[in-house]
2 protein chains.
Amino acid sequence: MEKKLEIFSHFEECPVRKVLNRCGDKWSVLILLVLGEVDNMRFNKLHKTIGDISQKMLTVTLRTLEADGLIKRTVFPEIPPRVEYEITERGKSLLVHINKLVDWAEENMEDIMESRAKFES
Amino acid sequence: MEKKLEIFSHFEECPVRKVLNRCGDKWSVLILLVLGEVDNMRFNKLHKTIGDISQKMLTVTLRTLEADGLIKRTVFPEIPPRVEYEITERGKSLLVHINKLVDWAEENMEDIMESRAKFES
DNA sequence: CGGCATCCCTGCCGATACTG
DNA sequence: CAGTATCGGCAGGGATGCCG
């Protein structure tokens, strides 16, 4: 067990942290969830679907997800341009676990909200 | 499927987001992982075990985890004071899914690092 | 020992304007 | 349509000092 603790602590450059930190940002998980529900989706459709994300953060987050090989970006050389995003196999394998987390959150959010309310008082 | 998308998008007050956002901060997951490996742990031991967390953020994060009912805080009225933290059943049920994510990260981090390196060029 | 209060700064993120 | 570029706010988080 001491061994296992060492994995996560004292190593600021811990690779597990490097990977998981990307899931901790504001939009990555949400985008993966959306792209997990469809075959592919264009930039503007993503923008409208998520609703409250800025164009800039949509672009930035899509780029980092692409860099990690979690989504694939396809540019069609047309005018006007068309860009489609789709989740990769690697992304799907991650999404499985993310969906478990979402399910857990749905199951427990009432209790959690109640705990938070009590904790205030 | 459209229904499911609605759950996550366009609702800034989405309760699922409210819950999962707490996992997205810098230290919550790490603390849960540590407390999941032991019966209980005192404040200073936690501080030393994690190593690169500030005292302030350790306190703050422990409080939010406690507020969500994921950990339990026990104060022993001694001098010098002793405070022990332990994971709750709710916390354990979350930890199951978090550990899956960690396993996934360990399995995929090499490929991901390679993808990131290629993406730079 | 286990905090809390304060100051301060980085960097995430949003808003806006411009482009091929 | 799908971006890029720039500016700026502000919240997360670190460093330090004080306290019961």
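In what follows, chains are A, B, ... by sequence order, proteins preceding strands, each numbered from 1.
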Subject >> Per A:Y85 side chain, nearest of listed nucleotides D:dG3, D:dA2, C:dG2 >> reply: D:dG3
Original post:
Nearest to the side chain of B:W27 - C:dG3, D:dG3, D:dG14?
Top reply: D:dG14
Not counting sequence neighbours, which residues clear side chain to side chain contact (heavy atoms under 4.5 Å, CB included) with [X]? List them please.
| X | result |
| --- | --- |
| B:A67 | A:F119 |
| B:N40 | B:E84, B:E86 |
| A:V83 | A:R73, A:V75, A:Y85 |
| A:D25 | A:S28, A:T61 |

Taking only the side-chain nitrogens and oxygens of [X], find out if one of them lies under 4.0 Å from OP1 or OP2 of [N].
| X | N | result |
| --- | --- | --- |
| A:K26 | C:dG14 | yes |
| A:R82 | D:dA2 | no |
| A:R42 | D:dC1 | no |

Original post:
Among all residues two or more places apart in sequence or in another chain, which pass the side chain to side chain donor-acceptor pair (under 3.5 Å) test with B:W27?
Top reply: none
**OP:** Please name all residues satisfying side chain to side chain donor-acceptor pair (under 3.5 Å) with B:S54, sequence neighbours left out, ordered by chain then number.
**Re:** none
Original post:
Heavy-atom contacts under 4.0 Å between residues 55-66 of chain B and DNA chain C, which residues?
Top reply: B:Q55, B:K56, B:T59, B:R63
Original post:
Which residues pass the salt bridge (Lys or Arg N to Asp or Glu O under 4.0 Å) test with A:E78, sequence neighbours left out?
Top reply: A:R82
Length of the [atom1]-[atom2] vector between [X] and [N], whole Å:
| X | N | atom1 | atom2 | value |
| --- | --- | --- | --- | --- |
| A:N21 | C:dG11 | CG | P | 14 Å |
| A:L46 | D:dC1 | CG | P | 14 Å |
| B:H47 | C:dG3 | NE2 | C1' | 12 Å |

**OP:** Assess whether salt bridge (charged side-chain N to carboxylate O under 4.0 Å, His left out) is satisfied between B:R116 and B:D111, documenting all intermediate values.
**Re:** CA-CA 9 Å; B:R116 285 185 196 176; B:D111 292 343; over 6 Å; no
Original post:
Between B:H47 and B:I53, is there a donor-acceptor pair closer than 3.5 Å when you use the side chain of the first and the backbone of the second?
Top reply: yes
Original post:
Applying salt bridge (charged side-chain N to carboxylate O under 4.0 Å, His left out), which residue pairs with at least one partner in residues 90-102 of chain B are found, sequence neighbours left out?
Top reply: B:E89-B:K92
**OP:** Would you list the pairs meeting salt bridge (charged side-chain N to carboxylate O under 4.0 Å, His left out) in which at least one residue belongs to residues 58-67 of chain B, sequence neighbours left out?
**Re:** none
Subject >> Angle of first-five versus last-five pair axes in the helix from C:dC1-D:dG20 to C:dG20-D:dC1, to 10 degrees >> reply: 50°
Subject >> Residue met sooner reading DNA chain D from 5', once B:D25 and A:F43 are mapped to nucleotides >> reply: A:F43
**OP:** Specify the residues of residues 68-81 of chain B, ordered by number, for which at least one heavy atom lies under 4.0 angstrom from an atom of DNA chain D.
**Re:** B:P81
